[in-house]
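Working notes, beginning with the structure itself.
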Amino acid sequence: MIDAPEDDEFPAGDGTADSDANVQCPYCAAINEIVLDAGGGASQDYVQDCEVCCQPWRLRVTFGPEGEAEVTAETIH
């Protein structure tokens, strides 16, 4: 596997990146604690179901240069 150039400086597996986050479901407003996988790259986009109402949401995760995660959840249309 070939790493993208921007991933060379990303602290994915060295323990400095956020490993979890609290996300509010865009459907029922319940707070869900999710596990983050920094090894998936600095920018991620995937679908995850709410633990309460089971609706699927689109998650966008972006890791900053220090490993801090910004997470957003959106409804799927």
Side-chain angles (χ1 to χ4, degrees):
M1 181 166 103
I2 299 173
D3 290 332
E6 65 272 5
D7 288 342
D8 290 340
E9 297 177 18
F10 180 66
D14 65 2
T16 60
D18 290 343
S19 61
D20 60 8
N22 289 321
V23 180
Q24 185 173 21
C25 174
Y27 294 99
C28 74
I31 301 297
N32 289 247
E33 184 175 353
I34 62 168
V35 175
L36 303 174
D37 178 14
S43 181
Q44 303 173 22
D45 190 337
Y46 57 96
V47 174
Q48 183 159 331
D49 293 344
C50 176
E51 295 174 1
V52 177
C53 71
C54 300
Q55 292 289 323
W57 5 279
R58 180 178 186 179
L59 276 176
R60 294 178 190 217
V61 181
T62 305
F63 288 93
E66 301 298 319
E68 70 281 4
E70 180 178 326
V71 182
T72 59
E74 303 169 351
T75 59
I76 295 178
H77 306 286

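A quick note: this is a predicted structure, and the numbers were derived from the prediction, not measured. Values below: every heavy atom of this structure, side chains too, minus hydrogens, waters and symmetry copies.
No chain of hydrophobic side-chain contacts below 4.5 Å, direct or via other Ile, Leu, Val, Met, Phe, Trp or Tyr residues, connects Ile31 to Val61. The hydrophobic cluster containing Val23 also contains Val47, counting ILVMFWY residues as joined when their side-chain heavy atoms lie under 4.5 angstrom apart, directly or transitively. Under the 4.5 Å side-chain contact rule for hydrophobic residues, Ile76 and Leu59 share a cluster.
Rounding to the nearest 0.5 angstrom, the gap separating the CD atom in Gln55 from the SG atom in Cys28 is 8.5 Å. To the nearest 0.5 Å, atoms CG (Asp45) and CZ (Arg58) are separated by 4.0 Å.
Counting heavy atoms from C-beta outward, Ser19 and Leu36 have side chains that stay 4.5 Å or more apart. Two residues are said to be in side-chain contact when any heavy atoms from C-beta on lie closer than 4.5 Å; Trp57 and Asn32 meet this criterion.
Heavy atoms from other residues, nucleotides or ligands lying under 6.0 Å from CD of Glu70 number 12 at most.
With sequence neighbours left out, Glu74 forms a salt bridge (charged side-chain N to carboxylate O under 4.0 Å, His left out) with Arg60.
In terms of heavy atoms, Gly41 sits closest to Phe63 at O-CD1, 3.6 Å.
With Gln48 contributing its side chain and Ile34 its backbone, the two residues share no donor-acceptor pair below 3.5 Å.
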Would Tyr27 and Val52 satisfy side-chain contact (heavy atoms from CB on, under 4.5 Å), going step by step from the backbone distance to the final call? CA-CA 10 Å; Tyr27 294 99; Val52 177; over 6 Å; no
